[in-house]
Q: 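Here it is, the structure in full.
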Amino acid sequence: MDCLFCKIIAGEIPSQKVYEDQYMYAFKDINPQAPVHVLVIPKQHIPSLDGINEQNCGDIAMILKKIPEIAADLGLKNGYRLISNCGDDACQSVKHLHFHIIGGTLLSERMA
Ligand code: 5GP
Ligand code: ZN
């Protein structure tokens, strides 16, 4: 499958790893929009939030359970924002489900 993030998981494209286990891979965004900008992705290919189903929702639960720990390890003591762009109106550019952890500064009150 020609998927950028599957290639990053496979190590075919280099990335700056932040965390990894059997369910997920977390790495620094190549174009950070804040002092801390990390992407957390499921190891199995799921195109977007719309692809979450009975079979894969356990892995997503593990990701959401781990994200506060990853954020703490990144030093985000004062809060952070978690974003998942889903589909064209949200400008999702990579069609492999990912969660942006953004922080390290006071973020805009606006989300759109
Ligand atoms: P989206 O716009 O789909 O929500 O987010 C995709 C994110 O992936 C963007 O923030 C973009 O900077 C990041 N990205 C795209 N290509 C690469 C890459 O090759 N390596 C890394 N580390 N991040 C990437
Ligand atoms: Zn993929």
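Since we're looking at a predicted model, the values are computed, not measured. Every number for a ligand or one of its atoms is a count from 1 in the order of the listing.
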Q: Can a salt bridge be assigned to the pair Lys66 and Asp21 using a cut-off of 4.0 Å between side-chain N and carboxylate O?
A: no
Q: Under 3.5 Å between some N or O of ligand 1 and some N or O of Gln92?
A: no
Q: Give yes if a backbone or side-chain nitrogen or oxygen of Val94 is under 3.5 Å from a nitrogen or oxygen of ligand 1, and no if not.
A: yes
Q: Could you check atom 13 (C) of ligand 1 against the protein and tell me its nearest heavy-atom contact, residue, atom and distance included?
A: Asp29 OD2, 3.4 Å
Q: Between Ile30 and ligand 1, does any nitrogen or oxygen pair lie at a separation below 3.5 Å?
A: yes
Q: So do Asn56 and Pro42 actually touch side chain to side chain, heavy atoms under 4.5 Å?
A: no
Q: With a 4.5 Å heavy-atom cut-off, do Ile60 and Ile46 have their side chains touching?
A: yes
Q: Has Ser48 got a side-chain atom pairing as donor or acceptor with Cys86's backbone, closer than 3.5 angstrom?
A: no
Q: Does only the side chain of Phe5 get under 4.0 Å from ligand 1, or the backbone, or both, or neither? Count heavy atoms.
A: side chain
Q: At what distance is the nearest protein heavy atom to atom 1 (P) of ligand 1, and which residue and atom is it?
A: His98 NE2, 3.1 Å
Q: Can you tell if the side chain of Gln22 reaches within under 4.5 Å of the side chain of Met62, non-hydrogen atoms only?
A: no
Q: Within the 4.0 Å heavy-atom shell around Asn31, which atoms of ligand 1 are there?
A: 12 (O)
Q: Are Tyr23 and Ile52 connected in a single hydrophobic cluster, I mean Ile/Leu/Val/Met/Phe/Trp/Tyr linked by side-chain heavy atoms less than 4.5 Å apart?
A: yes
Q: Please report which non-hydrogen protein atom sits nearest to atom 15 (C) of ligand 1, along with the residue it belongs to and the distance in Å to one decimal place.
A: Leu4 CD2, 4.0 Å
Q: Heavy-atom contacts with Phe27 under 4.0 Å: which atoms of ligand 1 show up? List them by number with element.
A: 21 (C), 22 (N)
Q: Report the protein N/O/S neighbours of the Zn ion (ligand 2) that fall below 2.8 Å; do not count waters.
A: Cys3 SG, Cys6 SG, His45 ND1, His96 ND1
Q: One residue to check: Ile8. Relative to ligand 1, which of side chain, backbone, both or neither has a non-hydrogen atom less than 4.0 Å away?
A: side chain
Q: Identify, for atom 22 (N) of ligand 1, the protein heavy atom at the shortest distance, and state residue, atom and that distance.
A: Lys28 O, 2.9 Å
Q: With a 4.5 Å cut-off on side-chain heavy atoms, are Phe27 and Ile41 touching?
A: yes
Q: Hey, are the side chains of His37 and His100 touching, using non-hydrogen atoms and a 4.5 Å cut-off?
A: yes
Q: Output, in order, the C-alpha distance, side-chain angles, deciding distance and verdict of side-chain hydrogen bond (donor to acceptor under 3.5 Å, both in side chains) for Asp59 and Gln44.
A: CA-CA 9 Å; Asp59 287 17; Gln44 60 171 309; 2.9 Å; yes
Q: Should the proximity of Cys91 to ligand 1, defined as any heavy atom under 4.0 Å, be assigned to the side chain, the backbone, both, or neither?
A: backbone
Q: Just heavy atoms, cut-off under 4.0 Å: does Gln16 contact ligand 1 by side chain, backbone, both, or neither?
A: neither
Q: Does any N or O of ligand 1 fall below 3.5 Å from an N or O anywhere on Asn85, backbone included?
A: yes
Q: Transitively linked via ILVMFWY side-chain contacts under 4.5 Å: Leu49 with Val40?
A: yes
Q: Could you identify which residues cluster with Leu106, counting Ile, Leu, Val, Met, Phe, Trp and Tyr as linked when any side-chain heavy atoms lie under 4.5 Å apart, either directly or through a chain of such contacts?
A: none
Q: Less than 3.5 Å between some nitrogen or oxygen of His100 and one of ligand 1, yes or no?
A: yes
Q: Test your reading of the structure: does Gln33 have an N or O sitting under 3.5 Å from an N or O of ligand 1?
A: no
Q: Got Pro47 and Leu97 here, is their nearest side-chain heavy-atom distance under 4.5 Å?
A: no
Q: Is the shortest side-chain heavy-atom distance between Ser15 and Lys28 below 4.5 Å?
A: no
Q: Does some side-chain heavy atom of Asp29 sit less than 4.5 Å from a side-chain heavy atom of Val38?
A: no
Q: For atom 2 (O) of ligand 1, grab the closest protein heavy atom and report residue, atom and distance to one decimal in Å.
A: Ser93 OG, 3.0 Å
